[in-house]
Amino acid sequence: MFRLPVFCAAAALTAGTATVAQTYPSKPIRMVIPFAAGGPSDISARNISPRMTELLGVSLIIDNRGGASGFIGAEIVAKAPPDGYTMMLATASITSINMVVYPKRPYDTLRDLQPLTPLMSTATLLVVHPSLPPRNLKELVALAKARPDLSMASGGNGTILHLALELLNTQAGTKLIHVPYKGAGPAVIDVIGGQINGMFVDLPVISPYVKSGKARALAVASPKRSVYFPDVPTTTESGYPGVQVSNVYSLLLPAKTPRDIVMKLHDAAVKTMTTPEVREKFTNVGADPLTLSPEEFTTFIRKDIETWAAVAKAAGVRIEQ
């Protein structure tokens with residue numbers, strides 16, 4: 001008799017959750033991009049948006065919130081209601097690197113966000129403007145030691161592209177000047193325009209410019225050559241094996257999003273990434289599609305944070321706000 005109200009309350013809660021899951025989604029979903037428009041995150045979002053819209057039956061509204069090394073966009077998602085109507089398309093800079101280079105930050109990935117799934121992984125190229133003399137990484141290092149005014153862009157302080165540069169400075173003994181932007185997109189525009197000498201940058205956003213000759217690739221920051229640019233030597237071949245950087249693009253939700261909603265979005269994301277037309281869009285620009293379960297992805301992020309903590313320490317990157 002005394003347990004009946006408790007049972008009824010639990011049943012009502014379960015029924016309420018089921019009802020929400022059955023009616024979800026009933027309005028557009030906002031996809032926050034914590035970088036400026038035109039970068040690889042933005043391109044990825046626009047590649048998956050049509051198919052996910054088709055599968056979910058509602059529109060995905062892309063919302064670019066660049067700046068502060070991704071903190072602005074990530075904080076918006078971390079503090080959003082956990083109702084499945086706000087998600088984020090992030091990079092390793094957001095999920096892992098911010099956790100180790102910023103002692104003070106407005107969010108914690110594993111506390112404030114619900115990992116959904118990766119979408120793709122990609123290698124990183126070191127590129128320069130074609131007007132710069134170097135044809136390979138060794139020549140760039142030699143020039144940098146002779147010319148301390150050489151500037152290199154990144155998608156922001158503490159981002160994966162920034163860490164790649166600092167790793168090179170540490171290992172090569174150079175002092176290439178770091179110029180942070182609000183995202184890789186604006187940085188690439190200035191590199192191909194000649195306002196900045198070069199940058200480390202993910203394959204998807206720079207591939208068209210390398211192929212058209214508007215940027216020159218000097219090295220790929222990985223142990224093996226990229227199948228997309230087989231003629232470009234690796235940083236290991238170039239004498240700097242410690243400069244290895246790959247990036248992962250992924251979807252995350254606010255923490256405490258109901259499990260049924262998490263899995264509905266996960267199912268749509270996985271089906272999207274296995275759609276031949278979508279996969280082709282990613283592979284054409286040098287990305288490798290990748291999906292994991294929410295649990296697998298959470299484990300992946302934990303290990304990734306440990307990896308980047310070691311990289312940040314080696315590069316001497318620690319940013320006080």
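Just so we're clear, the structure is a prediction, and the values are computed from it rather than from any experiment.
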query: Of Val141, Leu150, Leu143, which is the lone residue that meets side-chain contact (heavy atoms from CB on, under 4.5 Å) with Pro134?
result: Leu143

statement: From the list Val100, Leu163, Ile97, side-chain contact (heavy atoms from CB on, under 4.5 Å) partner of Val311 resolves to Leu163

- request: Show your reasoning for whether side chain to side chain contact (heavy atoms under 4.5 Å, CB included) applies to Ile76 and Arg65.
  value: CA-CA 9 Å; Ile76 287 173; Arg65 295 298 185 98; 3.1 Å; yes

- prompt: Mind checking what makes salt bridge (charged side-chain N to carboxylate O under 4.0 Å, His left out) contact with Glu295, not counting sequence neighbours?
  reply: Arg259

query: Is any side-chain N of the basic residue among Lys264 and Asp260 closer than 4.0 Å to the acidic one's carboxylate O?
result: no

- request: Answer yes if Met263 and Leu265 sit in the same cluster of Ile, Leu, Val, Met, Phe, Trp and Tyr residues linked by side chain heavy atoms under 4.5 Å apart, and no otherwise.
  value: yes

field: Thr235 and Gln244: CA distance, side-chain angles, deciding distance, side chain to side chain contact (heavy atoms under 4.5 Å, CB included) verdict
entry: CA-CA 7 Å; Thr235 48; Gln244 295 186 14; 4.3 Å; yes

Joint cluster assignment, Phe71 & Trp308, ILVMFWY side-chain distance < 4.5 Å: yes

task: Just do the side chain to side chain contact (heavy atoms under 4.5 Å, CB included) check on Leu89 and Ile33 with the steps written out, would you?
output: CA-CA 6 Å; Leu89 199 155; Ile33 312 297; 3.6 Å; yes

field: Check: Tyr102/Asn157 side-chain N/O donor and acceptor closer than 3.5 Å
entry: no

- prompt: Between the side chains of Tyr85 and Ser26, does any donor sit under 3.5 Å from an acceptor?
  reply: yes

- request: Using a 4.5 Å cut-off on heavy atoms from C-beta on, say whether the side chain of Thr122 contacts that of Asp288.
  value: no

message: Please tell me whether Val127 and Phe229 are part of a single hydrophobic cluster in this structure, the criterion being side-chain heavy atoms less than 4.5 Å apart.
response: yes

message: Checking Asn284 against Tyr228: is there a side-chain donor and acceptor pair closer than 3.5 Å?
response: no

Exercise: do Thr174 and Asn169 side chains pair donor with acceptor under 3.5 Å: yes

Pair Ser293-His266, side-chain donor/acceptor within less than 3.5 Å: no

- prompt: Are Tyr181 and Asp190 linked by a side-chain donor-acceptor pair shorter than 3.5 Å?
  reply: yes

message: Taking Val58 as the starting point, is it possible to reach Ile48 by hopping between hydrophobic residues whose side chains are less than 4.5 Å apart?
response: yes

field: Cluster overlap Leu110 with Leu292, hydrophobic side-chain contacts below 4.5 Å
entry: yes

message: Could you check whether Arg279 pairs with Glu277 (Lys NZ or Arg NE/NH1/NH2 to Asp/Glu carboxylate O, under 4.0 Å)?
response: no

message: Please check if the number of heavy atoms outside Arg147 that lie under 6.0 Å from its CZ is greater than 12.
response: yes

field: Sidechain N-carboxylate O distance under 4.0 Å for Glu54, Arg51
entry: yes

